[in-house]
Amino acid sequence: MLFWVIAAILTLGASLAVLLPLAGGSKGASAAGDHDLEVYRDQLSELDRDAARGLIQPAEAEEARAEIARRILRLGNADPAAKAVGPSTTTRLVATVAVLAVPLISWGFYSELGSPDLPSQPLSARLAKNPADSSVDELVARAEAHLAANPSDGRGWDVLAPIYLRMQRFPDAVGAYRNAIRLDGESAARQAGLGEAIANAAGGIVSAEAQDAFEAALKLDPANPKANFYLAMGLAQEGRVPEAVAAWQKMLGTLPQDSLWRGAVEQALAESANKPVAAGEPAKGPDAGEVDAASSMSPQDRQAMIETMVAGLDEKLRQDPRNAEGWMQLVRSYVVLGKADQARDALNRGIAVFGPDSEEARKFTAFATSLGLTATE
Amino acid sequence: MTRKQKRLSVIVAGLAFLGAATGLTFYALGQKASYFYMPADLTAASVQPGQRIRLGGLVEKGTIQRGQGATVAFSVTDTQKSVKVMYTGILPDLFREQQGVITEGSFGPDGVFVADSVLAKHDESYMPKEVADGLKAKGVWQESKSE
Amino acid sequence: MVETGHFALVLSFALALVQTLVPLFGARTGNPRMMAVGGPVAVTGFALTAFSFAALATAYASSDFSVASVWENSHSLQPLIYKITGTWGNHEGSMLLWVLILTFFGALVAVFGGNLPATLRANVLAVQGAIGATFFLFILTTSNPFARLNPAPIEGRDLNPILQDLGLAVHPPLLYLGYVGFSICFSFSVAALIEGRIDASWARWVRPWTLVAWMFLTGGIAMGSYWAYYELGWGGFWFWDPVENASFMPWLAGTALLHSAIVMEKRSALKIWTLLLAILTFSLSLLGTFLVRSGVLTSVHAFATDPTRGVFILCILTLFIGGSLALFALRSSRLTAGGLFHPISREGALVLNNLFLTTATATVLVGTLYPLALEAVTGDKISVGAPFFDLTFGPLMLPLLAIVPFGPLLAWKRGDVFAAAQRLMAAFALALAAVLVTALFVDGASVFAALGVGLAVWLVCGALTDLAVKSGAGSVAPAIMLRRFAGLPRSVFGTALAHLGLGLTLLGIVGTLSFGAEKILSMRAGETIELSGHTLRFEGLYPAQGPNYSEDRGRFALLGADGSTISEITSAKRFYPVRQMTTTESGIKTIGFSQLYLSLGDEATDGSVVVRLWWKPLVTLIWGGGLVMMAGAAMSLMDRRLRVGAPSRRRKPTGAVPSAGLP
């Protein structure tokens with residue numbers, strides 16, 4: 001409303017700027033010649049001052065004075081003063097058109113271009129308004145702004161981390177959980193959340209890093225369902241399906257009847273029964289639920305994403321091969337993807353890096369055997 | 001000299017001056033302008049060693065080698081051909097693998113392009129125009145949706 | 001607030017249309033009421049545009065991401081100062097600044113032009129309104145800074161980091177004040193052509209406006225050059241980049257205009273030429289705007305490019321340049337030519353100045369446009385850089401600079417070169433001494449370098465000679481001389497200062513290019529580097545955190561002769577996460593007029609860092625000379641302050657008013 005009032009006042013002001021001169025009395029414009037005469041007179045007095053100051057020679061001054069005088073004389077022949085005022089009907093017509101043009105053009109154009117209903121939204125005001133009215137994005141932005149100013153507020157990170165997780169911002173969630181753990185110490189929920197964030201950031205694969213986090217959570221709370229669930233998922237992804245099934249079944253026995261995890265566990269069990277080697281099925285907790293990015297992807301996309309990641313790991317190992325953990329992860333990933341040949345190739349390459357008699361080679365072989373893979377065909 | 005002759009001589013002097021300036025300008029354009037090439041164009045156009053040109057393309061992946069001190073070697077490619085470039089100095093901030101780049105310099109007798117200046121794009125949202133046009137012409141690169 | 005600003009912008013467009021048509025019609029029919037409309041409308045239009053600009057700046061300052069251009073070019077973590085300067089650090093906002101300055105100059109004509117002949121004033125305001133209307137239309141249809149986003153994003157995409165700098169806060173407004181300032185001269189010229197006559201007051205008006213525009217353009221170019229010098233990390237002050245040329249061409253033409261306007265005002269000669277030059281100067285300003293804004297050229301100035309914008313600006317360009325030149329061709333024969341003069345005279349010297357400057361402008365124009373034309377015609381891509389301009393622009397400038405000191409010492413109508421040469425003997429002797437000293441005592445000085453230094457000294461001493469001669473040095477007693485010196489018209493000081501500044505800039509350029517030194521090497525912490533007698537020790541890289549970037553600062557200690565640390569120089573690699581961009585912050589230490597310039601390269605895996613170090617002797621004089629030139633222009637303006645425009649009938653007694661040079 002205020003906008004329309006201001007717009008109307010501005011339009012009125014602009015129209016008046018056009019109307020008033022047209023309506024006002026004629027001041028009787030002077031002839032152009034008068035102005036020229038003034039200039040020439042001024043030049044003459046300037047000349048006199050310069051001559052008096054000795055800046056020019058008297059002879060030169062005399063010559064210049066004569067020249068200006070000639071110009072003044074020439075003025076007399078110039079055309080007479082401004083013509084008489086034009087017919088008043090034309091004036092009135094032009095005045096009407098001009099005055100009307102201002103509101104018509106401006107309101108016409110603005111109605112095409114403007115968004116009069118959209119208020120200004122300075123960031124500070126958006127962040128200061130009642131949180132209940134804010135969107136999730138705005139709430140997160142507020143929290144981020146707060147944490148940017150107070151980066152050592154552990155509680156803030158603790159609140160933000162699960163929100164990031166739910167918003168699919170997994171790398172941010174990893175950072176937030178790490179900050180919370182660093183500042184406020186470990187807790188089972190934080191460690192389990194960190195593990196979930198790491199696993200989801202990796203497209204659902206429970207990596208060694210995620211496993212560490214889950215194991216740390218279990219140390220603090222052996223019954224933590226999230227950690228148990230994901231660790232079992234990790235086992236399934238390694239191909240150790242019977243162990244995974246055992247772990248899930250144990251969970252079913254201990255979980256309370258109303259636990260949200262029951263559904264997830266049962267689904268995982270059902271899937272593992274159908275497919276002995278779950279094809280890189282991303283781990284999914286119930287609280288990750290509907291908003292899980294991977295679940296909104298088509299199976300093909302998901303598969304492609306995982307393959308890209310595995311290829312990336314392969315590439316990394318080619319450049320930096322002395323990474324035993326990495327080789328095991330790569331072998332496991334190929335097995336999970338059902339690419340036995342490549343898994344075997346990776347295994348052989350890994351063994352070649354460390355030498356067939358090394359500690360690592362034995363570890364690799366044992367690991368491969370546990371996945372149902374042998375080093376040579 | 002009569003007044004008319006004086007005026008004539010002033011006009012002739014002015015015209016001679018303008019003529020000299022024009023001649024100089026076009027001479028300089030012929031001598032001092034440096035042509036822009038992509039690696040694949042180089043076989044068609046014969047570029048003499050020592051002739052100043054500008055060479056543009058993408059920095060080929062995995063070819064950046066830092067030599068002694070501040071000397072860097074890398075290859076510039078248009079995905080069809082690539083040319084080895086040597087440069088001594090500080091690379092621009094936005095110099096990265098597989099990014100557009102324009103180098104200016106000349107070929108040495110050994111076929112290595114010795115650059116004395118390397119330009120990368122000014123920000124993350126565009127390629128050097130010549131490189132983008134060249135790559136588009138070769139069907140290698142499509143402009144991403146402008147922001 | 002945002003929408004009110006948007007509405008005000010639309011309203012300004014409507015007013016600009018009225019400002020174009022009504023006074024023009026009034027001037028044709030001789031209707032004083034219609035002619036009177038121009039003034040109030042111009043002032044109101046300026047007020048509305050200023051309001052609109054303030055609304056946009058507020059949106060930027062308060063990070064209102066519901067405005068598309070704010071979202072694209074700002075970030076909530078940016079320091080407030082860069083939020084505000086970001087208003088014109090993008091295409092849309094900078095175009096709004098452009099029209100703001102245009103309407104500002106229009107309003108100045110309206111306010112101070114009360115004693116201009118009514119028809120001239122009406123026509124000037126009409127032309128000014130026409131330029132405004134087309135640019136308002138351009139902004140509203142292709143580059144609307146007030147386009148909105150709904151729902152609003154919560155965070156912006158940050159300003160291009162290399163624009164997050166104080167240099168950017170100053171450079172565009174100064175440059176635009178220059179570019180757009182020439183629009184007044186253009187409007188006056190077109191108005192004179194429409195009327196078919198040149199009033200005596202016309203000449204009086206064009207001169208101060210040229211001075212104002214020239215002063216700001218000088219500052220804008222100097223500022224831009226300094227910004228590129230320290231922000232881009234290449235250590236160069238001028239690259240002959242097409243975008244730089246785009247601002248340099250109006251400057252060269254404007255300098256010519258400045259000089260021919262003197263002749264016209266004093267002697268009523270060169271009228272038609274001056275008029276043409278005024279049209280050309282502003283046309284080059286428009287061309288510069290087109291080249292920079294259309295995306296024809298890629299550079300740091302070419303923000304997001306959009307072909308419709310290029311076509312629109314090209315249409316504006318054709319309309320105004322083509323229209324005004326056509327009008328010139330039709331009407332210029334109706335204008336009366338002015339007074340006669342001998343080739344050897346002040347006028348002759350100024351004509352020579354114009355000849356050199358316009359030819360130089362033409363070479364820069366050819367060098368800038370030829371690659372574009374060639375690519376359009378044959379598809380060949382070439383670049384025209386420093387070697388071309390060294391060969392063309394250089395030979396044109398050197399003789400011009402050599403004759404500069406003669407100009408002010410020649411009399412009007414018929415001068416005496418020998419008398420002037422005699423007066424310049426001392427300056428010439430000093431310049432010669434400078435050449436000899438440089439050639440003999442400075443290591444590594446080439447003949448060209450020595451001559452360059454001599455030329456610079458010649459310019460500086462020539463400017464001082466002018467002041468001394470006009471004060472009567474040698475012919476009157478020192479006391480009288482001092483009194484005369486104090487009483488000299490300010491424009492005499494202005495001329496001397498501007499020429500002196502030119503000499504200083506030349507000295508800076510010659511010093512940097514001829515005596516500078518450069519070293520590139522890879523350094524580890526603790527190592528030292530020695531260049532031109534200065535020793536630096538690399539102390540190591542230290543991480544640091546800025547508001548919206550993180551950086552690795554390389555610290556260098558400047559060591560004295562005894563090995564103690566005199567001062568510290570810091571150069572940094574900054575990383576801006578939002579745009580994923582790295583910038584180099586050069587480290588600069590000013591020693592006298594010279595500078596040590598240090599730029600950091602990438603860190604190698606072994607912990608060493610590539611360091612590039614320059615010694616740039618006298619480099620600050622390049623921009624210092626620009627400041628002195630600006631001071632000269634300001635001095636000349638003060639001379640004219642009391643009589644901008646035609647004298648009014650209510651003039652104060654004239655005795656107290658200092659006046660300009662010789663008639």
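Scope of the values below: all heavy atoms of this structure, side chains included, with no hydrogens, waters or symmetry mates.
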| Residues of residues 110-119 of chain A with any heavy atom under 4.5 Å of a heavy atom in chain C |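 From residues 110-119 of chain A, the residues near chain C are A/Tyr110, A/Leu113, A/Gly114, A/Ser115, A/Pro116, A/Leu118, A/Pro119.
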
| Near A/Arg65 CZ, under 6.0 Å, is it more than 12 heavy atoms from other residues, nucleotides or ligands? |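 Yes, because the 6.0 Å sphere around CZ of A/Arg65 holds more than 12 heavy atoms from other groups.
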
Would you list the atom pairs, donor with acceptor, under 3.5 Å between side chains in residues 4-20 of chain A and any protein atom, with sequence neighbours excluded?
from	atom 1	to	atom 2	distance (Å)
A/Thr11	OG1	A/Ala7	O	2.5
A/Thr11	OG1	A/Trp107	NE1	3.0
A/Ser15	OG	A/Thr11	O	2.8

| query | Residues in side chain to side chain donor-acceptor pair (under 3.5 Å) with C/His75, at least two apart? | reply |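 Result, side chain to side chain donor-acceptor pair (under 3.5 Å) vs C/His75: none returned.
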
| field | Heavy-atom pair with the smallest gap, counting every atom of C/Ser76 and A/Leu123 | value |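 Closest heavy-atom pair between C/Ser76 and A/Leu123: CB-CD2, 3.2 Å.
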
[X], part contacting chain A, at a heavy-atom distance under 4.5 Å:
X        : result
C/Thr4   : both
C/Leu48  : side chain
C/Phe13  : side chain
C/Leu149 : backbone

| Short side-chain to backbone donor-acceptor contact, C/Asp64 and A/Ser120, under 3.5 Å |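 It does not hold such a pair.
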
| message | Quick check on the structure: residues of residues 17-25 of chain C within a heavy-atom distance below 4.5 Å of chain A, by number. | response | C/Leu17, C/Val18, C/Val22, C/Phe25

| Minimum side-chain heavy-atom gap A/Ser106-C/Phe7 below 4.5 Å | yes

| How far does CG of C/Leu15 sit from CD1 of A/Ile105, to the nearest 0.5 angstrom? |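 So the gap between those two atoms works out to 9.5 Å.
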
| field | Options C/Met1, C/Arg414, C/Arg148, ranked by heavy-atom pairs under 4.5 Å with chain A, top entry | value | C/Arg148

